[in-house]
Amino acid sequence: MLRNGENDFGIVTIVLHWTIALLVLGLMVVGFAMRRIELDPALQFSLYQRHKSLGFTALGLALLRAIWWLTERTPRPVPGLHPFEHAAARQTHRILILLGIITPLAGWAVASASTLNMPSLYFNIIVIPHLPLQQSDSAEAFWALTHALLAYVMLALVAIHIAAAIYHQFVRGEAVLIRMLRSGFRRSDAAPVEAGEASEAVAGRNDP
């Protein structure tokens with residue numbers, strides 16, 4: 001199933017979810033590595049270019065993900081999910097989608113405002129033009145701080161998101177994680193619940 005169903009996520013949603021997650025992880029690792037001042041300048045330049053290439057890729061996929069989220073149906077919450085948990089998950093997903101766009105944009109602004117005026121080489125294939133921003137040390141410092149803060153906020157929310165998914169899946173037995181691992185999930189796949197023990201949470205957006 002390419003598209004989301006009433007109770008399950010489609011292949012497009014699942015692929016976008018995990019691809020962006022892996023890209024964010026890669027960006028964090030490369031971002032920490034390239035800030036080491038003892039690195040060889042040539043290696044550091046290569047890491048910066050790789051970080052920017054991954055960032056542009058993440059930005060493109062995040063924009064696609066946002067469009068897909070706005071236009072595609074959202075499956076119902078899994079059985080047993082309380083309304084406040086559903087609301088918290090919904091807001092977290094919205095913030096993560098927004099951060100997935102503005103964080104790489106802030107990174108693009110760093111490269112654009114830098115007085116070094118170094119080109120952004122997308123995987124050494126094409127040159128990505130700079131944003132029309134003033135180039136100055138103060139502007140670069142502002143965007144660098146903004147980019148770092150947004151990245152740390154995203155990292156914190158991703159950690160909370162992962163912890164919540166593991167908790168619901170393995171502690172409470174709610175198939176929150178499993179339906180983001182495979183398409184075609186149905187409510188019957190969830191852990192059995194005694195009749196009358198749980199009520200369905202309020203329907204609404206509960207995006208991955």
Side-chain angles (χ1 to χ4, degrees), residues 1-29 31-32 54 57-104 149-208:
M1 294 178 59
L2 292 178
R3 306 191 62 175
N4 296 344
E6 183 178 356
N7 302 308
D8 61 298
F9 292 109
I11 294 175
V12 173
T13 298
I14 293 174
V15 170
L16 284 172
H17 177 88
W18 291 110
T19 302
I20 292 174
L22 290 175
L23 278 172
V24 169
L25 177 60
L27 282 163
M28 295 295 180
V29 172
F32 283 121
L54 292 175
T57 303
L59 175 59
L61 290 177
L63 289 170
L64 179 61
R65 179 71 184 86
I67 295 172
W68 186 255
W69 182 77
L70 289 171
T71 58
E72 180 67 345
R73 71 190 302 178
T74 301
R76 297 178 182 178
V78 297
L81 196 67
H82 299 298
F84 79 90
E85 293 173 324
H86 169 58
R90 179 180 58 189
Q91 294 304 322
T92 300
H93 296 145
R94 286 175 173 174
I95 295 173
L96 283 174
I97 289 174
L98 180 61
L99 286 173
I101 296 173
I102 63 175
T103 303
L149 290 176
L150 290 172
Y152 282 122
V153 171
M154 177 183 287
L155 182 60
L157 287 179
V158 167
I160 294 172
H161 181 66
I162 293 173
I166 293 175
Y167 170 75
H168 283 282
Q169 180 69 47
F170 298 106
V171 177
R172 288 177 39 174
E174 298 162 351
V176 173
L177 181 60
I178 192 67
R179 73 173 183 171
M180 186 45 66
L181 291 172
R182 62 184 176 88
S183 182
F185 170 87
R186 294 293 182 271
R187 286 177 179 265
S188 58
D189 295 328
V193 180
E194 294 183 6
E197 187 177 53
S199 60
E200 184 176 313
V202 178
R205 289 193 178 277
N206 185 30
D207 200 44

Residue pair [X] / [Y]: nearest heavy atoms and the distance that separates them:
{"X": "A62", "Y": "G100", "result": "CB-O, 3.2 Å"}
{"X": "L61", "Y": "L23", "result": "CD1-CD1, 3.6 Å"}
{"X": "L177", "Y": "A165", "result": "CB-O, 4.3 Å"}

Non-hydrogen side-chain atoms of [X] and [Y] separated by less than 4.5 Å:
{"X": "M180", "Y": "T13", "answer": "yes"}
{"X": "I160", "Y": "T92", "answer": "no"}
{"X": "R94", "Y": "L98", "answer": "no"}
{"X": "I178", "Y": "Q169", "answer": "yes"}
{"X": "L99", "Y": "L150", "answer": "yes"}
{"X": "N4", "Y": "R73", "answer": "yes"}
{"X": "W18", "Y": "L181", "answer": "yes"}

So how far is it from [X] [atom1] to [Y] [atom2], rounded to the nearest 0.5 Å?
{"X": "H93", "Y": "I97", "atom1": "NE2", "atom2": "CD1", "answer": "8.0 Å"}
{"X": "T74", "Y": "E6", "atom1": "OG1", "atom2": "CD", "answer": "12.5 Å"}
{"X": "R172", "Y": "L81", "atom1": "CZ", "atom2": "CG", "answer": "6.5 Å"}
{"X": "R90", "Y": "E85", "atom1": "CZ", "atom2": "CD", "answer": "13.5 Å"}
{"X": "L155", "Y": "L25", "atom1": "CG", "atom2": "CG", "answer": "9.0 Å"}
{"X": "R179", "Y": "I14", "atom1": "CZ", "atom2": "CD1", "answer": "10.0 Å"}

Does V78 offer a backbone N or O that forms a donor-acceptor pair with the side chain of E174 under 3.5 Å? no

Between Y152 and F32, how do the two ring planes meet: parallel, tilted or perpendicular, split at 30° and 60°? tilted

